[in-house]
Amino acid sequence: MTATANRTPYRYPILQEDFDLAQTLDCGQCFRWNRQPDGSYQGVVGRHPVSILQQADCLLFTGENPDFLSRQLPRYLALDEDYPAIRRHLSADPTLQKAIAYAPGIRVLRQDGWEALCSFIISQNNNIKRIKGIVERLCQCFGEELGGGAHAFPTPQRLAQASLEELAPLRSGFRAKYILDAAQKVASGEVSLEGLEQLPLEEARARLMEIKGVGVKLADCALLYGFGRVECCPTDVWIRRVLEQLYPGGLPDCALPYAGIAQQYLFHYSRTCPQAVERT
DNA sequence: CGCCAGGTATGAT
DNA sequence: ATCATACATGGC
């Protein structure tokens, strides 16, 4: 029995026909969704345990709060963005066109800023499988109980009260001290996450990098996934390879306003189809 | 068992 | 500035 069992789903018609839930939730941008045997995805968005199932022409949202399902969840999934237009824009570049054609259903989610920051702190020098395990234990140990065994992502205030020893069960290794530093600085207001959406990119990035263990890449991940900065392009080893081999002069101009979205298509393409990105 | 993982801090050239 | 190395833990 789970928190999302035995409820009438909210039916959300898919207007952008190429939207793909699995591509979106399994392309390495989020760490709290679990695919069920029936193909649905269970996760927690904010304080809401939800289940999502994609059908031919609609998404079925299941959860306790109908208002959240109908108003907030579509926004989380970026279903209010005109992706067909963005993709047409990016497809002016032939390589991007190929990467997009490979998984056109990807959307860059609008995640919570603190959750994105904290999750990507955990991601450094780590693999996705283990990142998900650590995030899961983090929520179990410190997140608000939401019923049915689900937990919210822990608040910075809660984590700021924890000690390094209390984080030991997470087995997050050397990242534990970074998690604590982030929680303490955010909770105290020393690093404010308010208004990060509007700040010039360099300033927003510099603010996040005041946290120990947060460099350019992690700051950019937080900005893209947690603060809606789609022009921001996190550059990890995979994207660095793509840039070196395919875009030595940087991304083409058509990609710049949506560099972060272009990055997500290229990331997924280069990881799941590496030979396509190798030098010929 | 050894190599590697959506990097960063640190100390050495 | 640029470069090498350590870092915790476990997936494969």
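Bear in mind that the values here come from a model prediction, so they are computed numbers and not experimental data. Proteins get letters first, then strands, A, B, ... in listed order; numbering begins at 1 in each.
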key: Side-chain donor-acceptor pair present, A:Gln140, A:Glu136, cut-off under 3.5 Å   = yes
task = Give the rounded distance in Å between these two atoms: CZ of A:Arg240 and P of B:dG6.
result = 15 Å
inquiry  = A:Asp112 vs A:Arg47, test: salt bridge (Lys or Arg N to Asp or Glu O under 4.0 Å). Steps then yes/no.
reply    = CA-CA 11 Å; A:Asp112 173 75; A:Arg47 301 158 52 82; over 6 Å; no
key: Steps toward salt bridge (Lys or Arg N to Asp or Glu O under 4.0 Å) verdict (A:Arg241, A:Glu244)   = CA-CA 5 Å; A:Arg241 273 198 287 266; A:Glu244 282 170 1; over 6 Å; no
query = Could you give the CZ-to-P distance, from A:Arg205 to B:dT8, as a whole number of Å?
reply = 11 Å
inquiry  = Within the 4.0 Å heavy-atom criterion, would you say A:Gly215 contacts the bases, only the backbone, or no part of the nucleic acid?
reply    = sugar-phosphate
note = A:Ile121 atom CD1 is separated from B:dA5 atom C1', nearest whole Å, by 17 Å
Protein proximity profile, nucleotides 3-9 of chain C - base contact B, sugar-phosphate-only contact S, no contact -, cut-off 4.0 Å on heavy atoms = ----BBB
key: Quiz item: A:Tyr178 side-chain donor-acceptor pair to B:dG7 base, under 3.5 Å   = no
message = Under a plain distance cut-off of 3.5 Å, with no hydrogens placed, do A:Asp18 and A:Tyr83 share a side-chain donor-acceptor pair?
response = no
query = Taking atom P of C:dG10 as reference, at what distance in whole Å does atom CD1 of A:Ile128 sit?
reply = 18 Å
query = Roughly, in whole Å, what's the span from CG in A:Asp236 to P in B:dC4?
reply = 17 Å
request  = In whole angstrom, give me the gap between the C1' atoms of B:dG6 and C:dC3.
outcome  = 22 Å
inquiry  = Give me the atom names and distance for the closest heavy-atom approach of A:Gln263 to A:Cys233.
reply    = CB-SG, 3.7 Å
ask   = For A:Gln264 and A:Tyr225, does a side-chain donor sit closer than 3.5 Å to a side-chain acceptor?
value = yes
query = Would you say the side-chain atoms of A:Tyr76 and A:Arg110 include a donor-acceptor pair closer than 3.5 Å?
reply = no
inquiry  = Could you tell me if A:Gln16 and A:Arg107 have a donor-acceptor pair between their side chains, going purely by distance under 3.5 Å?
reply    = yes
task = Please state the P separation for the pair B:dT10 and C:dA8 - nearest whole angstrom.
result = 12 Å
Heavy-atom pair with the smallest gap, counting every atom of A:Arg175 and A:Asn125 = NH2-O, 2.9 Å
task = Name all stems that contain residues of DNA chain C, defined as runs of 3 or more consecutive Watson-Crick or G-U wobble pairs, both distances under 3.5 Å.
result = B:2-5 with C:9-12, B:7-13 with C:1-7
request  = Let me know, please, whether A:Gly213 or A:Cys221 comes out on the 5' side of the other along DNA chain B by nearest nucleotide.
outcome  = A:Cys221
query = Quick one: A:Lys129 NZ to B:dC4 C1', roughly how many Å, whole number?
reply = 16 Å
request  = Quickly work out the A:Leu117 CG to B:dG6 C1' distance and round it to whole Å.
outcome  = 15 Å
query = Is the ring centre of A:Phe267 under 5.5 Å from the base ring centre of B:dG6, and are the two planes under 30° apart, so that they stack?
reply = yes
inquiry  = Just to be sure I understand the rule, does A:Phe31 reach a base, reach only the sugar-phosphate, or reach nothing, if contact means heavy atoms closer than 4.0 Å?
reply    = nothing
ask   = Please give, in whole Å, the distance from C:dG10 C1' to A:Leu170 CG?
value = 15 Å
message = Tell me if a side-chain donor or acceptor on A:Arg229 pairs with a main-chain N or O of A:Ala222 at a distance below 3.5 Å.
response = no
